[in-house]
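Below is one structure; the comments refer to it alone.
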Amino acid sequence: RLGPKYIDGTGWNGVGYPSFQVMQFVNNSTPRPANFCGVDRGPDHFGTAAYNAEWAKLLAAIDAEVVAHHWEDKAYYYVQNEPQGPPDYDVAAALAALTKKAAPHLRIAISEEPKKEIVENAKAEGKSYDLWWADLSAFDPAYAKTRQAAGESVWWYFLYGDRPPHFNPITIDHSGVESRAAYFAAYKYRIKGFAYYSVTQWGDDPYTNPRPQGTDQNGDGFLLYPPRDGEIVSSIRWELLREGEEDFEYLLLLAGGSLPKTPDDAAGCDASATSVASSTTSFTRDASALQHLRDQLGLRLEGKVNGCPTLTSTGPGAHPKGEV
């Protein structure tokens, strides 16, 4: 009922959201429920033949609905969260095979960096995940590129444990410029989305206790604040994520509106992106220089600047780079 408005954009913005979640795992250690349609799953997470047959009927029904509404490029099923080792990798591989057989048009996602132990697992039977959500600190650009070349998408997700020298746009403890640099790095590595588990896990009062999740990072679990005077309260992080999104869109426009599969495929002003973030641990801390680059990218889009502008930053005490 809500799909035409929020997915297709009918009567709303004409576009709709770029992706939406159809279904997800039970919890971190339980991909599927212990009982489904009156059938017991069995002693492990692989499921009995009877259980998997009922589960496949559900997947096939979802697949038919997705196809009927032309949502093949938007819908996804979030299968598993953070598999912890070989036993979990086996389950992830088996569920990829089961899902792809029953629902060939339904994209499947897993919050894990692209991993050989899943993709090349015999239980996967040649099937794989459409969306890999890699924790930034565990991201492996080389193997990610092989999956991107196969047509799969890689997103990043951020946790309180993503600490310097990595950027992290999520917690208050990190510099605001990191929320912008993250998008230039995403463009460089052809990352097509960011995932974060919550924007409103406030606890009792995030205004007085900015660590409601009990972690050692302020702001973990929320990017918005509880309403005041009837209005939800934004955060500086939320606003900077919007700025970073616009940085990414500038680069996308300069690439003709589409992002190539892998970093090996040149696109628009790659040099501009790399000048801001040459890796996930090497990026500018100069907010003024970054904003100047953003202005230059805008002028490039207007045809008032030739070539691709790059970030120029010379801080106090800076010296020329040399061989190391």
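Put simply, CG on Asp130 and NE2 on His105 are 12.0 Å apart, with the number rounded to the nearest 0.5 Å. In this structure, CD1 in Ile170 is found 12.5 Å from OH in Tyr157, a value given to the nearest 0.5 Å. For the atom pair CG of Leu252 and CG of Asp247, the computed distance is 12.5 Å after rounding to the nearest 0.5 Å.
Legend: residues meeting salt bridge (Lys or Arg N to Asp or Glu O under 4.0 Å) with Asp135, ordered by chain and number and at least two apart, are absent. Remark: Arg242 pairs with Glu246 by the salt bridge (Lys or Arg N to Asp or Glu O under 4.0 Å) rule, at least two apart or across chains. Remark: Arg41 pairs with no residue by the side-chain hydrogen bond (donor to acceptor under 3.5 Å, both in side chains) rule, at least two apart or across chains. Residues satisfying the salt bridge (Lys or Arg N to Asp or Glu O under 4.0 Å) test with Lys116, not counting sequence neighbours, are none.
Relative ring orientation between Tyr225 and Phe222 is described as perpendicular, the plane-to-plane angle rising above 60° on a 0-90° scale split at 30° and 60°.
For the residue pair Asp40 / Asn35, no side-chain donor-acceptor distance below 3.5 Å is found, with atom types taken as modelled.
With Ser128 as the partner, the side-chain hydrogen bond (donor to acceptor under 3.5 Å, both in side chains) test is satisfied by one option alone out of Lys100, Glu120, Glu152: Glu152. Applying the ring pair (Phe, Tyr, Trp, His ring centres under 6.0 Å) test between Trp133 and each of Phe158, Tyr196, Trp156, Tyr78 identifies Tyr78 as the sole match.
Pairs engaging residues 242-261 under the ring-ring contact (aromatic ring centres under 6.0 Å, His included) rule: Tyr187-Phe248 [sequence neighbours left out]. Residue pairs that meet the disulfide (SG to SG under 2.5 Å) test with at least one member in residues 147-203, sequence neighbours left out, do not exist here. Sorted by first then second residue, the disulfide (SG to SG under 2.5 Å) pairs that include residues 31-78, not counting sequence neighbours, number zero. Applying the side chain to side chain donor-acceptor pair (under 3.5 Å) test to pairs two or more places apart or on separate chains, those with a residue in residues 257-269 are Lys145-Asp264, Thr262-Asp265. Identified under the disulfide (SG to SG under 2.5 Å) test for residues 176-269, with sequence neighbours left out: Cys269-Cys308. The disulfide (SG to SG under 2.5 Å) pairs that include a residue from residues 135-165 number zero, where partners must be two or more places apart or lie in different chains.
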Would you please test Tyr183 and Phe194 for ring-ring contact (aromatic ring centres under 6.0 Å, His included) and show each step? CA-CA 9 Å; Tyr183 283 91; Phe194 288 172; 4.7 Å; yes
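Around the CD atom of Glu231, the shell of radius 6.0 Å holds no more than 12 heavy atoms that belong to other residues, nucleotides or ligands. Other residues, nucleotides and ligands contribute at most 12 non-hydrogen atoms within 6.0 Å of the CG atom of Asp204.
Between the side chain of Thr274 and the backbone N or O of Ala271, no donor-acceptor pair lies under 3.5 Å. Looking only at distances, a side-chain donor or acceptor of Asn13 sits under 3.5 Å from a matching main-chain atom of Val15. Between the side chain of Asp162 and the main chain of Leu159, a donor-acceptor pair closer than 3.5 Å is present. Judged purely by atom type and a 3.5 angstrom limit, Arg107 has no side-chain atom pairing as donor or acceptor with the backbone of Leu131. Within the 3.5 Å criterion, the main-chain N or O of Ser29 finds a donor-acceptor partner in the side chain of His45.
For Trp202 and Tyr207, the ring centers are positioned 6.0 Å apart or more. Taking the six-membered ring for Trp and the full ring otherwise, Trp12 and Tyr17 have centroids separated by under 6.0 Å.
Other members of the cluster containing Ile236 are Leu240, with ILVMFWY side chains joined at under 4.5 Å, either directly or via other members. Cluster note: Val305 groups with Leu299 through ILVMFWY side-chain heavy atoms spaced under 4.5 Å, whether in direct contact or through intervening members.
Closest approach of Val22 and Ala75 over heavy atoms only: CG2-CB, 3.7 Å.
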